[in-house]
K.L.:
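I have a structure here, written as structure tokens, and I will follow up with some questions on it.
Nothing here was measured: the structure is a model prediction, and the numbers come from that model.
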Amino acid sequence: MSSQMRRSLALNFVDRHGLWNDTQVHAGADIEKTIARQELELVRFSFPDQHGILRGKTLVASEALRALRSGVTMTSTLFAKDTSHRTVFPVFEAGAGMAVPEMGGAGNFIMVADPETFRVLPWAEKTGWVLCDSYFTNGKTVPIATRQLYRDALTKLAAAGFDYLAGLEVEFHLFKIEDPQLATETLTWPAEPPQVSHTTTGYQYLTEGRYDQVAPILDTFRNCLSVLGLPLQSLEVEFGPSQYEFTFAPQAGLAPADAMVLFRSALKQVARRHGYLVSFMCRPRLPNTLASGWHLHQSLLYRKTGANAFASQDDKETLSPILSPLGRNFLGGLLANARAGSVFSTPTLNGYKRYRGTNTMAPIQAVWAQDNRGVMLRVMGGPGDPSTHLENRCGEPLANPYLYMASQIHAGLDGVARAIDPGPSADAPYRISAEALPASLEEALAALRQNACFRSGFGEDFVDYYARLKEAEITRCRKEGGLDESDVSAWEQREYFDSL
């Protein structure tokens, strides 16, 4: 390599700060070839924000080639916004109220592409897409960037000798748009949500006839997800009107969280292009509409062997023949930190409307059982079964996957470190026998602020930042008259129905 070339490479942001590993360097070169070979005209650079929403910029191809290694500038105030996209921190002050010196003054941060995430979007003509990490202009990682926080949790887990494996089971609603509500008087902040009609009548769970009625649009979704390389396993018509569920095969490391943000964004974009609206809001404010959840299937793998660390090898174990001692302690940690962890699995005010009544297949208390859909943590598998895993059933579809999965790692490792016993199986999960899950986001935040596990795992500053962000959401909801504990309010519909 010539000295001139070395000087040229040294000028770009990625090389100057050593931000790519060898695999990413090769992937970056492949992106350049793909842009040329497929004659792409645009590339979208996106990063997942604190809510799991993709934000970014679209660059023309010639500029995208440069930006792969030089980065894309973005305003740091994006980290200060709540779910209505309002700035809730004093961004022009030192540290911006986040205890992060580089955030003051509403200056720039840099999006740096992770070349291994690059895709060509099947629905957008001649357009590529790449997921990015967030850095300050001095080359330091943005400490409140949630993809980095998840990577930190994975690094901590790797140091203990394990990899994290997660599969996605995601419910959502699909509606036909009747009125997009773009008249001037509807454009409040947030705007009035679109008026919609249903795509199925509901209450005919998993019937083939109902599936066939919506097969054309579901086939469109399936084809797009396939081109994106997402490991889609099943497409299902759920119980409620216009309610569906997609499931994805387990993936390790960053991949399942990356898949979740891309899945949600892809479905919403493709649906809109065909006159539909996909909503990941837990419980929409529409008559006869049921709540949706996100069930997270998870296990640990031994890094050295790839073997399932949760699978029991002894069918005579007294507590459960399914889980290994490590698996039981990990389960115990999830239960012990469940109330505080609800902030990450159920981060919206609306999400807590799902935990109402009994026999709803949504959990109401921090309990576990073997293959029981009424508990918070459903244990699946058997002695020696390589598919043995824990299913966390308390998540909502709008959860930030990076925070949700990182919280599971921190809580589980806390259980392992303290050898927490998960207690007996709750074979009647709606009979009160354990600590109740929070009934509101406010209650969950109070638990988070006092939780030593998450304050240690995520860091004191991040917990305080995130709690303040969500408390601002609650305060605004109360101020605007939207806090209704008994039903879904119009405020919630505006805030969450077309979120993401």
Side-chain angles (χ1 to χ4, degrees), residues 10-21 45-57 67 69-114 131-156 254 257 340 343-344 347 400 402-403 406-407 410 445 448-476:
L11 292 176
N12 73 64
F13 189 77
V14 168
D15 290 315
R16 188 161 64 248
H17 297 288
L19 303 182
W20 283 358
N21 58 33
F45 290 73
S46 297
F47 82 99
D49 76 355
Q50 55 276 19
H51 309 292
I53 296 172
L54 289 177
R55 300 180 186 266
K57 293 182 179 179
R69 289 173 174 78
S70 295
V72 179
T73 57
M74 298 284 281
T75 174
S76 61
T77 59
L78 293 173
F79 289 103
K81 296 189 181 298
D82 67 5
T83 48
S84 73
H85 304 261
R86 285 179 169 86
T87 299
V88 298
F89 288 87
V91 294
F92 298 105
E93 298 180 6
M98 305 177 196
V100 182
E102 292 89 348
M103 295 294 291
N108 283 341
F109 74 95
I110 310 294
M111 286 194 305
V112 173
D114 180 347
L131 195 59
C132 300
D133 290 304
S134 302
Y135 294 86
F136 290 122
T137 55
N138 58 13
K140 294 181 180 179
T141 58
V142 176
I144 54 178
T146 58
R147 192 170 190 254
Q148 182 60 45
L149 288 167
Y150 180 41
R151 185 183 283 112
D152 292 343
L154 291 169
T155 300
K156 179 181 177 181
L254 285 170
V343 174
F344 304 115
N400 181 326
Y402 302 100
L403 295 180
S407 73
H410 291 312
L445 284 167
L448 175 64
R449 283 196 175 277
Q450 301 300 317
N451 184 271
C453 168
F454 294 130
R455 295 192 79 87
S456 173
F458 285 110
E460 298 272 354
D461 290 340
F462 176 77
V463 168
D464 290 342
Y465 152 79
Y466 194 70
R468 180 172 175 179
L469 193 70
K470 302 309 292 185
E471 285 163 355
E473 189 177 325
I474 296 170
T475 298
R476 183 167 49 80

K.L.:
State, to 0.1 Å, how close Thr146 and Pro48 come at their nearest heavy-atom pair, and which atoms those are.
P.N.:
OG1-O, 3.9 Å
K.L.:
Given side-chain contact (heavy atoms from CB on, under 4.5 Å), test Arg69 with Trp20 step by step and report yes or no.
P.N.:
CA-CA 9 Å; Arg69 289 173 174 78; Trp20 283 358; 3.9 Å; yes
K.L.:
Compare every heavy atom of Ala80 with every heavy atom of Val91, then report the nearest pair and how far apart it is.
P.N.:
CG1-CB, 3.7 Å
K.L.:
Apply ring pair (Phe, Tyr, Trp, His ring centres under 6.0 Å) to Phe47 and list each qualifying residue two or more places apart in sequence or on a separate chain.
P.N.:
Phe79, Phe109
K.L.:
Check ring pair (Phe, Tyr, Trp, His ring centres under 6.0 Å) between His85 and all other residues, then give those that pass, not counting sequence neighbours.
P.N.:
none
K.L.:
So His17 and Val112, side-chain contact (heavy atoms from CB on, under 4.5 Å) or not? Walk me through it.
P.N.:
CA-CA 11 Å; His17 297 288; Val112 173; over 6 Å; no
K.L.:
Shortest non-hydrogen contact from Ser70 to Asn12?
P.N.:
OG-CB, 3.9 Å
K.L.:
Is the shortest heavy-atom distance from the side chain of Lys470 to the side chain of Thr83 under 4.5 Å?
P.N.:
yes
K.L.:
Side chains of Asp133 and Thr141: does their closest heavy-atom pair fall under 4.5 Å?
P.N.:
no
K.L.:
To the nearest 0.5 Å, how far apart are OG in Ser407 and CG in Leu149?
P.N.:
11.5 Å
K.L.:
Quick test of your reading: applying side chain to side chain donor-acceptor pair (under 3.5 Å), list the pairs with at least one residue in residues 91-108, sequence neighbours left out, ordered by first then second residue.
P.N.:
Glu102-Asn138
K.L.:
Drop me the distance from Leu254's CG to Arg151's CZ, to the nearest 0.5 angstrom.
P.N.:
5.0 Å
K.L.:
Which residues pass the salt bridge (Lys or Arg N to Asp or Glu O under 4.0 Å) test with Asp114, sequence neighbours left out?
P.N.:
Arg147
K.L.:
Closest approach of Ala99 and Pro101, non-hydrogen atoms and distance?
P.N.:
O-CD, 3.8 Å
K.L.:
Tell me, do Thr73 and Ile110 make a side-chain contact under 4.5 Å, heavy atoms counted?
P.N.:
yes
K.L.:
Please round to the nearest 0.5 Å and tell me the distance separating atom CZ of Arg55 and atom OG1 of Thr75.
P.N.:
10.5 Å
K.L.:
Any heavy-atom pair between the side chains of His51 and Leu469 that's under 4.5 Å?
P.N.:
yes
K.L.:
How close do Gly139 and Leu19 get, counting heavy atoms only, and between which atoms?
P.N.:
O-CD2, 4.3 Å
K.L.:
Which value, rounded to the nearest 0.5 Å, describes the distance between Met98 atom CE and Phe89 atom CZ?
P.N.:
5.0 Å
K.L.:
For Lys156, which residues count as a side-chain contact (heavy atoms from CB on, under 4.5 Å) partner, sequence neighbours excluded?
P.N.:
His410, Leu413
K.L.:
Do Leu445 and Ile474 have side chains that get closer than 4.5 Å, going by heavy atoms?
P.N.:
yes
K.L.:
Among Tyr466, Tyr402, Phe344, find the one that has a ring-ring contact (aromatic ring centres under 6.0 Å, His included) with Phe458.
P.N.:
Phe344
K.L.:
For residues 72-87, which residue pairs pass the salt bridge (Lys or Arg N to Asp or Glu O under 4.0 Å) check, not counting sequence neighbours?
P.N.:
Asp82-Arg476
K.L.:
Test side-chain contact (heavy atoms from CB on, under 4.5 Å) on Val100 and Asp461 and set out the steps.
P.N.:
CA-CA 9 Å; Val100 182; Asp461 290 340; over 6 Å; no
K.L.:
Checking side-chain contact (heavy atoms from CB on, under 4.5 Å) for the pair Arg455/Asp464: CA distance, chi angles, key distance, verdict?
P.N.:
CA-CA 9 Å; Arg455 295 192 79 87; Asp464 290 342; 2.7 Å; yes
K.L.:
Minimum heavy-atom separation for Glu473 to Pro347, with atom names?
P.N.:
OE2-O, 4.3 Å
K.L.:
Less than 4.5 Å apart, side chain to side chain, heavy atoms only: is that true for Pro143 and Phe462?
P.N.:
no
K.L.:
For the residue pair Arg468 and Tyr465, establish whether any side-chain heavy-atom pair is separated by less than 4.5 Å.
P.N.:
no
